[in-house]
Amino acid sequence: MFEKLKILLCIGAVMAPTLALGQATPIGDAAAGAQVYQRECASCHQIGEGAVHRIGPHLNRIFDRRAGSHDDFRYSEALVRQGRDGLVWDLVRLHAYIENPRALVSGTRMSYRGLNDADRRANLIAYMRAYSDQPQNIPEASPTAIAREVELPAETLALEGDVEYGEFLSAECTTCHQRSGDHSGIPGILGWPQEDFVVAMHAYKQKLRPHEVMQSVSQRLDDEEIAALAAYFYKLGRE
Amino acid sequence: MILNRRRFLGTATAASAALSAPMALGQAKPRVVVIGGGSGGGTVARYIAKDSNGAVDVTLIEPSRMYYTCYFSNLYLGGFWDFDALGHDYGNIARTGVNVVHDWAVGVDRDAQTVALASGESIAYDRLVVAPGIDFVEGSVPGWDVSQQSKMPHAYKSGTQAQLLKHQIENMREGGTFCMVAPPNPYRCPPGPGERVSMVAHVLSQTNPTAKILIVDPKENYSKQALFEEGWERHYPGMVTRIGPDFGGNNVEVRPDSMEVVIDGQVEAVDVCNVIPAQKAGKIAELAGLTDASGWAPVLPSDMRSRMDENVFVLGDASAQGAMPKSGFSANSQAKVVANVIRGELTGSRIFPARYSNTCWSLIATNDGVKVGANYEAGADQIESVSSFISQTGEDAELRQQTYEESIGWYNGIVADIFG
């Protein structure tokens with residue numbers, strides 16, 4: 001894997017950003033990729049018309065974009081450095097990154113353990129390419145409604161979190177989730193957009209997300225407590 | 001204490017200017033003394049110091065300069081964790097503003113509100129937190145006392161005892177017998193003995209596959225029993241035998257000099273013997289008059305306050321609080337409740353209702369991790385479990401691996417929370 005990566009990175013240095021792989025042949029099944037996207041990516045990344053940065057950056061026009069190059073998104077230092085060194089999101093590198101993020105970018109903040117199945121990856125990348133106009137000037141697809149994971153009443157989402165209370169409550173979280181943002185084995189939770197944090201916690205509370213500890217922790221958090229945690233961890237991530 | 005007073009005088013002017021706490025100028029800072037620098041004591045000292053921004057004088061009394069966690073010491077026995085990675089020093093706790101005093105607390109005068117140290121000094125407190133962990137009940141395993149711990153290690157307080165046990169396991173004769181005398185309830189780390197057997201079996205199955213493991217257990221059943229038994233059958237078939245109370249596991253005597261274990265009158269020769277005796281609160285809790293006939297220190301469920309003294313809190317393994325298991329996770333969870341209450345009482349900061357939780361991960365074999373956990377609330381008389389979960393038998397390998405990876409994440413998380 002690493003040997004392969006090393007070779008590809010050498011080629012990339014010469015040929016990027018026009019690595020001419022797969023231009024003539026279909027990458028994969030974009031319709032099937034839409035389902036993979038929903039399952040694997042959509043809880044953190046938006047794509048399509050009106051997509052904005054959430055936990056991760058939006059993925060419109062990801063093809064041939066230099067890694068870490070949205071000025072208005074906070075990337076890990078490691079990803080930005082790789083972008084500076086010349087990492088560009090072409091077909092090969094997207095495959096490698098999605099297969100195992102940390103194989104490509106040590107220290108990436110993308111808390112995703114990777115997608116082993118090469119066919120599903122190909123379908124996913126085909127789907128994402130439909131939202132890129134490079135390298136083949138593929139027109140933007142029609143507007144895509146971006147479904148939320150959990151539908152919450154507007155007033156729940158509008159609750160303003162009590163940061164001080166959130167700090168007290170956060171002590172229960174930091175037994176496992178580190179305040180430093182380190183995410184080995186257990187995901188990082190700093191600096192998430194508050195709405196995403198709130199939606200995620202309600203998804204655990206409603207047992208739509210499968211993790212027993214998180215289901216258990218979220219079970220006894222009411223709407224205000226979830227908002228308080230969202231506010232506190234957002235603030236902590238900006239400090 | 002002279003050191004404290006000097007430090008206080010040196011910083012009083014600067015600190016009082018920055019204080020938002022309701023405290024009259026010239027009045028000494030409120031003083032919190034914490035006895036014991038483990039998961040409970042370390043957390044409470046750090047959280048009070050961190051959250052009060054210097055408004056509370058916090059002293060942590062802990063004899064060891066290096067704390068070796070008991071959790072994950074089984075993984076060390078199994079070769080999955082480095083000994084050095086179990087150790088944590090107090091540098092970062094001190095940098096949070098805690099006065100760390102490396103000494104033994106030898107007595108508490110609850111009327112004068114002072115703690116006596118082995119060095120002869122005494123330290124005054126407004127609130128005292130007692131978090132000494134466990135001690136062993138003398139005579140609970142006939143034939144064994146701490147003077148025998150080099151022949152038959154307990155290895156239940158991590159550190160050098162864990163190193164000794166590992167050495168003995170690795171040097172056991174081919175085809176020999178490892179015996180564990182398991183403790184009666186209640187004891188530290190309910191799944192700990194089962195996890196230890198798993199780790200010993202993991203080592204022996206590789207280096208000494210004809211060796212046997214004998215568990216002598218006074219309890220009818222134990223934490224995660226179905227998960228462990230399923231795992232032993234799968235990974236180490238035929239290696240582990242358990243003698244429960246129905247076959248005399250509650251009637252055991254050990255003979256360290258001849259390396260024999262007498263089970264219900266029958267003499268068994270063993271090669272390594274891990275004796276985990278019955279347990280009680282750490283001695284200082286008893287010396288302070290905080291324990292009852294059970295040997296543990298009863299506390300109020302709402303905030304871990306001692307039932308013997310409203311200015312004293314008892315945390316973690318030493319406390320008798322109800323349904324929470326004696327674990328590092330529990331102690332850390334309880335400590336955060338106590339830190340919030342003490343800071344509120346001393347500085348007027350907000351006090352929130354207690355929330356307690358616990359999860360215990362255990363490793364059965366390579367990448368085969370399981371967990372058990374629950375939420376807890378203050379009931380009328382004791383802490384009660386309100387919801388719980390446990391790994392299931394028959395789970396797939398991918399989930400078990402993820403659970404194991406999660407346990408490593410948890411270890412790194414909790415030690416960062418306390419010592420990082």
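The structure displayed is predicted, hence computed values, not measured ones. So that the names make sense, note that chain A is the first sequence line, chain B the second, and so on, each numbered from 1. Because only heavy atoms are used, hydrogens play no part in the values below, and waters and symmetry mates are left out as well, while side chains stay in.
Neither the backbone nor the side chain of B:Tyr411 comes within less than 4.5 Å of any heavy atom in chain A.
Within a 6.0 Å radius of CD in A:Glu77, no more than 12 heavy atoms belonging to other residues, nucleotides or ligands are found. For B:Glu230, the CD atom sits in a packed shell: over 12 heavy atoms of surrounding residues, nucleotides or ligands are nearer than 6.0 Å. By the 6.0 Å contact criterion, CD on A:Gln219 is enclosed, its count of non-hydrogen atoms from other residues, nucleotides or ligands being greater than 12. Few gaps surround OH on A:Tyr37; more than 12 heavy atoms of other groups in view lie less than 6.0 Å from it.
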request  = Step by step, work out the side-chain contact (heavy atoms from CB on, under 4.5 Å) result for A:Glu167 and B:Asp51.
outcome  = CA-CA 10 Å; A:Glu167 183 171 9; B:Asp51 294 338; 3.6 Å; yes
Chi angles and distances behind the side-chain contact (heavy atoms from CB on, under 4.5 Å) call for A:Cys176, B:Phe329 = CA-CA 10 Å; A:Cys176 300; B:Phe329 196 125; 4.1 Å; yes
task = Evaluate side-chain contact (heavy atoms from CB on, under 4.5 Å) for A:Thr174 paired with B:Lys336, printing each intermediate quantity in order.
result = CA-CA 11 Å; A:Thr174 57; B:Lys336 289 161 180 175; 3.8 Å; yes
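Of all heavy-atom pairs between B:Arg355 and A:Arg220, the closest is NH2-O, 3.1 Å. Annotation for A:Ala171 and B:Tyr47: closest pair CB-CE2, 3.8 Å, computed over non-hydrogen atoms. For the pair B:Ile390 and A:Glu212, the tightest heavy-atom approach, listed with the atom from each and the gap, is O-OE2, 3.8 Å.
Tested against A:Thr175, the residues B:Thr43, B:Ile414, B:Thr359 include a single side chain to side chain contact (heavy atoms under 4.5 Å, CB included) partner, B:Ile414.
The shortest side-chain heavy-atom distance between A:Glu172 and B:Ser333 does not fall under the 4.5 Å cut-off. You'll find the side chain of A:Arg113 reaches within 4.5 Å of the side chain of B:Gln402, heavy atoms only. The shortest distance between side-chain heavy atoms of A:Ile186 and B:Glu405 does not fall below 4.5 Å.
If you tally non-hydrogen atom pairs under 4.5 Å between each of B:Ser387, B:Gly373, B:Ala416, B:Ser357 and chain A, the highest count goes to B:Ser357. The choice from B:Asn412, B:Val415, B:Ile418 that makes the most heavy-atom pairs within less than 4.5 Å of chain A is B:Asn412. Annotation: maximal heavy-atom pairing with chain B below 4.5 Å, among A:Leu221, A:Val217, A:Asp182, occurs at A:Leu221.
For residues 386-406 of chain B, no pair satisfies ring-ring contact (aromatic ring centres under 6.0 Å, His included), with sequence neighbours left out.
For the pair B:Asn375 (side chain) and A:Ser216 (backbone), a donor-acceptor distance under 3.5 Å is present.
Checked for salt-bridge contact, A:Glu164 and B:Arg350 meet the test: a charged N lies under 4.0 Å from a carboxylate O.
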